[in-house]
Amino acid sequence: MDLALLLLVSTPLILAGLGELIGQRSGVINIGLEGTMLMGSLVGFWIAGASGSLISGFAAAAIAGALLSLISGVFTIRYGADQVVVGTAINFLALGVTGLAFRRIYGQSGQLLASAELPRFFGVDAIVWLTFFFIPFVWFLIARTNWGLVVRGCGEFPKAVDAAGFSVSGIRFQAGAVAGALAGLGGAHLALGVAGSFAEGMTAGRGFLAIALVTFGRWRPVWVATAAILLGYAQSLQYSLQGKPVLGVQVPSQLWLALPYVLALIVLVVLGTGTVTPQALGKAYTKER
Amino acid sequence: MKRYLIVFIGLFAILVLTLAVLTPNVGQSLLLLSQGAFGDKFGLSRTFVKWTPLCLAGLGIVVAWRSGMYNIGGEGQFVVGGIASGFLAKALMGSQPIPWPVMALILLPSSVLGGAALGWLAGWLYIRRGVEVVISTILMNFVAIQILAFLVSGPLQEQAKKLPQSDRLVSGLPKFDAQTDLHVGVFLVPILACLVAGFVFYTKSGFQMRLVGANARAARANRIDANLARTKAMAISGGLCGLAGGIEYMGVTLQLGQSFPQNWGFLAIPVALLAGLHPIGVLLSGLFFAAILAGSRNLAGFTADGTVLIYVVQALAVLGFVALQVWQNKKKRIEEDV
């Protein structure tokens with residue numbers, strides 16, 4: 001098993017998963033993560049290509065992701081609309097807008113578009129390195145800073161946060177923006193680092209998988225990242241094991257593709273529900289009048 | 001009634017706005033769109049062929065969401081419905097052609113059962129293991145799609161073993177006209193919409209489901225088994241989405257391939273939402289989106305944007321609908337305060 005490849009394919013998942021973790025810790029479940037990633041892929045690829053600078057590509061993708069999160073936040077956080085409904089709409093919006101924009105910008109020429117290669121250190125690109133340094137940072141942010149404490153409060157018992165003088169919606173907006181920016185970065189890395197190109201609907205369910213990862217990893221940064229690598233491993237098995245028999249049985253490639261999802265499902269079933277779930281997850285908070 | 005009028009005008013406004021941004025000439029695009037959807041028998045057939053799975057899956061979404069279960073797995077249940085009927089079709093494929101009514105009576109119930117099983121499983125995982133329905137159904141979608149891809153290049157593959165697809169169904173649902181695709185399955189849509197409406201609004205089970213969806217604690221306080229109501233709702237929801245798959249297989253595609261799921265399960269979510277989760281409303285909102293889907297084919301030749309048009313319109317429609325709900329709730333609260 002090629003370690004570099006494994007780290008490469010799991011990086012978009014880790015980034016999006018860490019983002020979703022921060023969002024969920026604040027009590028907001030972002031079903032629109034898939035769309036946010038896709039938006040990041042297109043914006044990252046487009047800006048990196050147009051400006052010739054990979055850094056501005058990633059920066060633009062992060063901004064686009066944060067903006068998309070803020071749009072859904074206006075509905076879910078500010079006005080208390082249903083998070084699943086709005087997230088579904090965000091997914092459709094991103095799917096439509098990226099499809100339209102891609103054709104508008106690049107036409108239907110069908111030419112193979114390739115992005116510039118990311119700088120590599122010791123076999124993996126810079127974003128992979130940054131992501132791995134980022135994992136303990138997210139842990140520190142959530143577990144050891146004041147901001148992290150308030151974010152967790154918003155997810156567990158927003159009333160207390162409100163009583164302590166913080167704005168629950170404000171904090172949720174901040175967490176949502178960070179979550180969106182990370183998802184955008186994940187999408188950009190998928191386009192610029194993993195695929196080297198953009199294709200319509202290229203996230204292919206990675207955003208949804210990242211949502212499942214957060215539950216899988218029990219809302220803890222290191223566990224979420226580990227789970228992402230585990231699923232990345234399952235995903236990369238299809239490349240290395242395709243056509244080879246496993247324990248004497250020929251496993252068809254399509255079933256390898258299904259493996260990460262089945263694995264995520266099984267883990268969720270085995271772990272079941274627990275007290276680690278943020279208690280106010282998915283619930284809108286309305287200030288008492 | 002006023003609310004339906006607002007929704008209708010809003011939908012139309014969103015469509016016009018989207019076209020205004022995306023195409024050079026709104027009037028011409030609207031004309032092309034409506035011609036593509038209703039202009040001739042081909043357009044009408046296209047519209048109602050798309051209306052059928054949209055509404056059937058939409059009805060499924062209505063039942064689940066009414067009981068507070070966010071079934072996003074319509075796509076996977078649709079696929080499993082297709083797979084279930086595909087298996088039986090393969091088993092029944094002999095030397096003697098079986099008349100279509102017999103075929104339909106065997107295949108369609110199996111597609112319902114297939115979809116229902118998947119829906120029930122998601123419900124069971126929620127009540128027993130606490131796995132959020134949103135997450136489990138999303139994961140099941142991917143699993144179902146990959147299993148379909150495996151089956152059509154494995155056990156269900158055509159006799160010729162060339163392409164990843166199943167053999168063509170000999171006795172599919174009859175079509176009204178040799179030139180168009182519209183099949184008799186379309187009649188099932190209004191019938192089922194009425195059945196679902198009757199179930200949701202006029203039966204004890206339906207009432208219990210709605211109560212559980214509105215306030216699970218109140219339901220439990222009244223000795224209603226919330227878990228039972230939820231799993232039942234998920235099974236019915238899955239069954240309807242599975243039926244959509246079975247009908248699509250028997251009426252339109254006649255064979256299973258990797259392109260069998262055309263996002264019907266996802267597209268049905270806005271259909272159900274815009275209908276205000278009302279079974280009869282699904283028929284109307286389904287018609288709106290089916291017409292855009294069918295008509296955008298006409299636009300595609302001009303702007304290349306037609307196929308993704310539906311996503312943008314659906315997203316804006318849902319966000320607009322949410323905004324409308326927020327606004328109405330706010331108004332109600334202010335009135336209560338006064």
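Here the structure is a predicted model, which means the values were calculated and not measured. The sequence lines fix the lettering, A, B, ..., with proteins before strands; numbering per chain opens at 1.
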Worksheet entry | A204(A) versus chain B, the contacting section by heavy-atom distance below 4.5 Å | backbone
Worksheet item: So which part of W65(B) gets closer than 4.5 Å to some heavy atom of chain A, the side chain, the backbone, both or neither?
Response: side chain
Practice prompt. Please name all residues satisfying side chain to side chain contact (heavy atoms under 4.5 Å, CB included) with S67(B), sequence neighbours left out, ordered by chain then number.
Written response: M69(B), M209(B), A233(B)
Output side-chain donor-acceptor pairs under 3.5 Å for residues 130-152 of chain B, partner residues at least two apart or in another chain, one line each.
residue, atom, partner, partner atom, Å
S136(B), OG, E132(B), O, 3.4
S136(B), OG, V133(B), O, 3.3
T137(B), OG1, I72(B), N, 3.3
T137(B), OG1, V133(B), O, 2.6
T137(B), OG1, V134(B), O, 3.2
N141(B), OD1, G76(B), N, 2.7
N141(B), ND2, I72(B), O, 3.1

Worksheet entry | Leading residue by heavy atom contact count with chain B [cutoff under 4.5 Å; candidates L255(A), I211(A), T215(A)] | L255(A)
Discussion item. Only pairs of heavy atoms separated by less than 4.5 Å count here; which of L319(B), V313(B), N329(B) has the most with chain A?
Written reply: L319(B)
Worksheet entry | I31(A) portion near chain B, given a 4.5 angstrom heavy-atom threshold | side chain
Side-chain donor/acceptor pairs under 3.5 Å, residues 255-271 of chain B, sequence neighbours excluded:
residue, atom, partner, partner atom, Å
Q255(B), NE2, S166(B), O, 3.0
Q262(B), NE2, S259(B), O, 2.9
N263(B), ND2, Y311(B), OH, 2.8

Discussion item. Counting heavy-atom pairs closer than 4.5 Å to chain B, which one of P260(A), A94(A), A258(A), A264(A) comes out on top?
Written reply: A258(A)
Response to the item:
Looking only at heavy atoms, the pair that brings A89(A) and A315(B) closest together is O-CB, 3.3 Å
Fill in: Top contributor to chain B contacts, counting heavy-atom pairs under 4.5 Å, from L259(A), V269(A), V262(A)
V269(A)
Worksheet item: Hey, which of V318(B), V326(B), L316(B) has the most heavy atom pairs under 4.5 Å with chain A?
Response: V326(B)
Worksheet item: Is it true that atom NZ of K161(B) has more than 12 heavy atoms of other residues, nucleotides or ligands lying nearer than 6.0 Å?
Response: yes
Worksheet entry | residues 71-87 of chain A: residues contacting chain B (heavy atom under 4.5 Å, by number) | F75(A), Y79(A), A81(A), D82(A), V84(A), V85(A), V86(A)
Worksheet item: Atom CZ in R129(B), atom CG in L265(A): separation rounded to 0.5 Å?
Response: 12.5 Å
